[in-house]
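Below you'll find the structure, written out as structure tokens, and then a few comments.
So you know, we letter chains A, B, ... as the sequences are listed, proteins then strands, and number each from 1.
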Amino acid sequence: MSALPADFYARPVVEVARALVGCVLRHDGCAGAIVETEAYHDSEAACHAHVGLTARTRILFGPPARAYVYRSYGIHALFNAVCEDEGVGAAVLIRALEPLEGLDGMRARRGLERREDLCSGPGKLTQALGIELELNGSDLVRGPISIEPPRADWPPSELIEGPRIGITKAAELPWRFCAAGFRSVSKPWPPGLRDTVAPRALS
DNA sequence: CATGGGATTGACT
DNA sequence: GTCAATCCCATGC
């Protein structure tokens, strides 16, 4: 399966955040279906790009379809897909995956066994897939990280929206999007994730 | 150049 | 429920 084209990312970031749920994130022999995203835009204070153009935010303000990877709390690498036109600072944070391929590699890198613990958080999935800071600015169309359209067996799944997690500024915006029924969504789960659809997993 | 704050996680009470 | 780990980077002196 080939990567999503750059045009996919060159539109309003909230629209891309919704569309990325169900798509497949792939790196270094490992892949997972995206089950949770968040949108960030320079117009609101929770976005790193809100401070304007700096050394850190130049990737966010650059062309779409690039990786924005940064260090969080000194420990974790968080992966985002840069969106909208060049000159706009916007990105989608990938917060959780349903593991699909390379689970043994994920287990080795995470030091854990349980499938639902491998990629159930933004710092966990980068560790599982081996995504580090050196991939900041890399091209999502050419690789080495790629995002592909949903697999044929991806189930039609309700999208649950809610406020973003772990932020203090602009916390009221409902820019978190989760696929209903997947246990790999990070905690806390939004209301309805457990109830709407029975928990399930892809093979 | 010093400081402080995170888009988190896992271990522990 | 609480809390520490640990580092990049924006800000201010």
Side-chain angles (χ1 to χ4, degrees), chain A residues 9 12-18 20-21 23 25 30 32 34-62 64 66-84 88-99 106-138 140 145 147 160-179 183-190 193:
Chain A
Y9 304 92
V13 67
V14 172
E15 195 177 319
V16 182
R18 290 177 159 277
L20 279 174
V21 175
C23 293
L25 177 64
C30 298
I34 297 169
V35 294
E36 181 182 0
T37 64
E38 285 178 357
Y40 288 85
H41 188 275
D42 62 48
S43 61
E44 44 89 14
C47 183
H48 291 169
H50 192 63
V51 299
L53 185 59
T54 65
R56 180 191 210 186
T57 64
R58 81 178 189 285
I59 299 298
L60 286 168
F61 283 102
R66 300 281 182 78
Y68 171 56
V69 186
Y70 74 97
R71 172 105 32 233
S72 173
Y73 291 93
I75 303 172
H76 309 287
L78 269 53
F79 168 78
N80 302 248
V82 175
C83 296
E84 307 215 10
V88 179
V92 174
L93 171 68
I94 308 302
R95 286 193 58 91
L97 308 176
E98 184 69 25
M106 293 183 186
R107 291 189 171 105
R109 282 193 274 243
R110 292 275 294 128
L112 293 169
E113 288 301 315
R114 292 176 58 212
R115 180 193 183 98
E116 60 264 42
D117 293 334
L118 293 176
C119 300
S120 55
K124 298 177 185 179
L125 71 92
T126 55
Q127 184 184 31
L129 270 60
I131 294 173
E132 251 302 334
L133 294 198
E134 59 186 10
L135 291 166
N136 186 37
S138 68
L140 296 178
I145 305 171
I147 305 180
I160 298 176
E161 71 171 47
R164 294 173 293 182
I165 299 300
I167 56 170
T168 55
K169 294 168 283 190
E172 73 286 354
L173 293 173
W175 283 5
R176 181 195 190 198
F177 304 99
C178 304
R183 309 199 48 139
S184 288
V185 168
S186 69
K187 307 290 182 59
W189 282 357
L193 185 120

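One can place OH of A/Y40 at 12 Å from P of B/dG6, the figure rounded to the nearest angstrom. Atom pair A/R58:CZ and C/dC8:P shows a separation of 15 Å (rounding to whole Å applied). Rounded to whole angstrom, the span from the CD atom of A/E134 across to the C1' atom of C/dC8 amounts to 16 Å. A straight line from CD of A/E36 to C1' of B/dT8 spans 13 Å, rounded to a whole angstrom. Taking atom NE2 of A/H41 as the reference point, atom P of B/dA7 lies 18 Å away to the nearest angstrom. Taking atom NE2 of A/H48 as the reference point, atom C1' of C/dC7 lies 13 Å away to the nearest angstrom. Separating the CD1 atom of A/I59 from the P atom of C/dC8 is a distance of 16 Å, rounded to the nearest angstrom.
Base-pairing analysis of DNA chain B finds the following stems of at least three consecutive Watson-Crick or G-U pairs, with both pairing distances under 3.5 Å: B:1-6 with C:7-12, B:8-12 with C:1-5.
Remark: A/Y68 engages A/H48 in a side chain to side chain donor-acceptor pair (under 3.5 Å) (not counting sequence neighbours). Under the rule for a salt bridge (Lys or Arg N to Asp or Glu O under 4.0 Å), A/E84 has no partner lying at least two apart in sequence or in another chain. With sequence neighbours left out, the salt bridge (Lys or Arg N to Asp or Glu O under 4.0 Å) criterion links A/R107 to A/D104, A/E113. Under the rule for a salt bridge (Lys or Arg N to Asp or Glu O under 4.0 Å), A/D42 has no partner lying at least two apart in sequence or in another chain. In this structure A/E172 satisfies the salt bridge (Lys or Arg N to Asp or Glu O under 4.0 Å) test with no other residue, sequence neighbours excluded. Partners of A/R110 under the side chain to side chain donor-acceptor pair (under 3.5 Å) rule, at least two apart in sequence or in another chain, are A/Q127. Contacts of A/N136 classified as side chain to side chain donor-acceptor pair (under 3.5 Å), with partners at least two apart in sequence or in another chain: none. When the ring-ring contact (aromatic ring centres under 6.0 Å, His included) test is applied to A/F61, no partner is found at least two apart in sequence or on another chain.
Between the A/E132 side chain and the A/E134 main chain, no donor and acceptor come within less than 3.5 Å of each other.
Side-chain atoms of A/R176 and A/S186, non-hydrogen and from C-beta on, do get closer than 4.5 Å to each other.
Within residues 71-83 of chain A, the residues having any heavy atom under 4.0 Å from DNA chain B are, by residue number, A/S72, A/Y73, A/G74, A/H76, A/L78, A/N80.
Mapping A/K169 and A/L125 onto DNA chain B by nearest heavy atom places A/K169 closer to the 5' end of the strand.
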Are any protein N/O atoms closer than 3.5 Å to N/O atoms in nucleotides 10-13 of chain B? If there are, list each pair with its distance.
unit_1: B/dG10; atom_1: OP1; unit_2: A/R110; atom_2: NH1; d: 3.0
unit_1: B/dG10; atom_1: OP1; unit_2: A/R110; atom_2: NH2; d: 3.1

Restricting to nitrogen or oxygen on both sides, can you table the protein-nucleotides 9-13 of chain C pairs closer than 3.5 Å?
unit_1: C/dA10; atom_1: OP1; unit_2: A/T54; atom_2: OG1; d: 2.8
unit_1: C/dA10; atom_1: OP1; unit_2: A/R56; atom_2: N; d: 3.1

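With rounding to the nearest 0.5 angstrom, the CD atom of A/E36 is 12.5 Å from the CD atom of A/E98. Of the inter-residue distances, the one linking A/Y70 atom OH with A/N80 atom CG reads 6.5 Å to the nearest 0.5 angstrom.
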I'd like to know whether A/V88 forms a side-chain contact (heavy atoms from CB on, under 4.5 Å) with A/H41, so could you lay out the CA-CA distance, the side-chain angles of the two residues, the decisive distance to 0.1 Å, and finally the verdict. CA-CA 8 Å; A/V88 179; A/H41 188 275; 3.6 Å; yes
